[in-house]
Amino acid sequence: MAHLSDFDIEKRYKAVVKNTTRLTPPDTEEVREIVLEVKDPEFECEVDQSFGVLTEATGDFGNTLHHRLYSVADLPKHVNGNPQLTMLVKRCSYVDDFSGEKYRGIASNYLCDRKKGDEITVTGPFKLPFKVPQDKTANLILIGMGTGIAPFRAFIKHIYKNVKDWKGKIRLFYGARSGLELLYLNDKDGDLTNYYDEETFEAFHALSPRPHWADPIALEKALEGQTTELTELLSMSNTYVYVAGYETIHNMLNKAFSNILGSEEKWRLRKAELIAGGKWAEIIY
């Protein structure tokens, strides 16, 4: 969760909801794709950046500002001189550890409740840790949970549309509790299928076995199912690993990669090498 003190939010922009579409079925978690038009042509938010949404929240000490960062979920574009941004939002709630009470997530519910034509306040842009390597033969292992697919969708589209002659392998591993992983990976809603015929791109999905229960997402099984290739990729010095998702993704990845490489020690050393070499980056919600 981003805190106000972490980012400069003095510069704010007005944005209008141009479109809001529910992407998941009614009986599953609500995930919406929201298109915003920022009413200032000077606002530039690129694929490797995020932007903030600023809302008012009512708390014990009165109204306070609540700031939440979102990744760009598609290639930014301009319409009538104004920038348009696409974002992916899941309606969230959480249970207070002390009281046991359930509370609605502030920003996610605010955004999911917006209608076409509504005005919101955005901030930024802010840098993301995901960079396209200068080496076009570099390999990318992209791992996302939930709406963690948002930055990778834009990232992959950018590589194949704007970075010419990409030679490295790109492997996207994506897990969700429901059919969320199909949002951008099918013919109806998606466009990542456009790249399936690329020799370099392949995607792997992981679902919870019972989406209406609290069963864990089997992301580690999807990873371990590609043990041979991942072992080869991780042995190469020009392989990058980018991760986006919930805090629980750390345990899943440590377990999966320890099994893939044969021991916890081998994975600990390899991950340390990736971090030291600037080849590991993550966004944890």
Side-chain angles (χ1 to χ4, degrees), residues 46-50 71-76 88 127-176 181 183-185 190-206 219-246 249-250 252-254 256-258 260-261 266-267 269-285:
E46 304 299 334
V47 167
D48 62 350
Q49 295 176 317
S50 62
S71 303
V72 178
D74 201 351
L75 298 179
L88 200 60
K127 283 291 182 183
L128 286 178
F130 303 147
K131 305 294 183 187
V132 178
Q134 290 186 338
D135 176 10
K136 293 183 180 181
T137 67
N139 305 299
L140 294 164
I141 300 172
L142 311 177
I143 305 168
M145 282 179 63
T147 51
I149 196 174
F152 294 143
R153 182 223 193 176
F155 189 76
I156 292 166
K157 288 183 70 174
H158 170 66
I159 288 176
Y160 288 116
K161 186 173 182 178
N162 301 324
V163 181
K164 305 303 181 185
D165 301 320
W166 187 263
K167 304 297 183 185
K169 291 183 178 180
I170 301 176
R171 296 295 179 262
L172 172 65
F173 293 87
Y174 185 65
E181 90 292 352
L183 295 184
Y184 293 135
L185 298 172
D191 40 35
L192 290 185
T193 46
N194 295 340
Y195 309 120
Y196 278 176
D197 59 354
E198 294 276 352
E199 293 181 11
T200 54
F201 179 70
E202 195 167 355
F204 303 92
H205 314 150
L219 187 58
E220 65 269 27
K221 290 185 178 179
L223 289 162
E224 290 175 31
Q226 304 301 318
T227 289
T228 300
E229 183 176 46
L230 287 177
T231 300
E232 178 186 355
L233 292 177
L234 288 171
S235 71
M236 303 172 72
S237 62
N238 65 340
T239 291
Y240 293 69
V241 182
Y242 293 165
V243 178
Y246 321 128
I249 201 171
H250 282 140
M252 288 184 182
L253 295 187
N254 287 333
F257 282 121
S258 294
I260 287 168
L261 294 184
K266 287 182 178 179
W267 168 237
L269 291 173
R270 184 65 185 104
K271 183 177 179 180
E273 291 173 348
L274 289 166
I275 293 173
K279 295 181 173 66
W280 174 281
E282 61 182 43
I283 300 175
I284 301 300
Y285 305 127

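Numbers here are sequence positions counted from 1.
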Checklist entry - Could you go step by step and tell me if W166 and L140 meet the side-chain contact (heavy atoms from CB on, under 4.5 Å) rule? => result CA-CA 11 Å; W166 187 263; L140 294 164; 3.9 Å; yes
Item to check | Distance, nearest 0.5 Å, that separates CH2 of W267 from CG of L253 | outcome: 7.0 Å
Next on the checklist: If you apply the rule side-chain contact (heavy atoms from CB on, under 4.5 Å), what do you find for I141 with L172, and how did you get there?
Outcome noted: CA-CA 6 Å; I141 300 172; L172 172 65; over 6 Å; no
Checklist entry - For E232 and M236, which heavy atoms make the closest approach, and how far apart are they? => result O-CG, 3.3 Å
Next on the checklist: Measuring only between side-chain heavy atoms, which start at C-beta, is Q49 closer than 4.5 Å to V72?
Outcome noted: no
Next on the checklist: Could you tell me if the side chain of V47 sits less than 4.5 Å from the side chain of P76, heavy atoms only?
Outcome noted: yes
Item to check | Spatial distance of atom CD (E229) from atom CZ (R171) [nearest 0.5 Å] | outcome: 4.0 Å
Checklist entry - So, do K271 and N254 sit near enough that their side-chain heavy atoms are less than 4.5 Å apart? => result yes
Next on the checklist: Please report the interatomic distance CG(N139) to NZ(K167), rounded to the nearest 0.5 Å.
Outcome noted: 13.5 Å
Next on the checklist: Quick check for you: to the nearest 0.5 Å, what is the distance between I260 atom CD1 and T231 atom OG1?
Outcome noted: 6.5 Å
Item to check | Within-4.5 Å side-chain heavy-atom neighbours: I159 and T200 | outcome: no
Item to check | pair I170-Y160: side-chain heavy atoms closer than 4.5 Å | outcome: yes
Checklist entry - How many angstroms lie between CD1 in I275 and CD in E282, if you round to the nearest 0.5 Å? => result 7.5 Å
Item to check | Mutual orientation of the aromatic rings belonging to F130 and Y242 [parallel < 30°, tilted 30-60°, perpendicular > 60°] | outcome: parallel
Next on the checklist: Can you give me the closest heavy-atom contact between Y240 and G278, atom names plus distance?
Outcome noted: CE2-O, 3.9 Å
Checklist outcome for this item: Correct closest heavy-atom pair for L75 and A154 would be CD2-O, 3.7 Å
Checklist entry - Any side-chain heavy atom of T137 within less than 4.5 Å of one from N238? => result yes
Item to check | Electrostatic pair R270:E273 at N-O distance under 4.0 angstrom | outcome: yes
Checklist entry - Just checking, is any N or O donor in the side chain of E46 or H158 under 3.5 Å from an acceptor N or O on the other one? => result no
Next on the checklist: Does any part of the side chain of D48, heavy atoms only, come nearer than 4.5 Å to the side chain of P129, both counted from C-beta?
Outcome noted: no
Next on the checklist: Set out, in order, the CA-CA distance, both residues' side-chain angles and the distance that settles side-chain contact (heavy atoms from CB on, under 4.5 Å) for K169 and F201, then state yes or no.
Outcome noted: CA-CA 6 Å; K169 291 183 178 180; F201 179 70; over 6 Å; no
Next on the checklist: Within this structure, what is the CE-CZ distance for the pair M252 and F257, rounded to the nearest 0.5 Å?
Outcome noted: 13.0 Å
Checklist entry - Does I156 reach the side chain of L142, with side-chain heavy atoms less than 4.5 Å apart? => result yes
Item to check | Pairing of K136 and D165 as salt bridge, 4.0 angstrom limit | outcome: no
Item to check | side-chain contact (heavy atoms from CB on, under 4.5 Å) between I283 and V243, worked out | outcome: CA-CA 6 Å; I283 300 175; V243 178; over 6 Å; no
Item to check | Nearest heavy-atom neighbours spanning L88 and A73 | outcome: N-CB, 4.2 Å
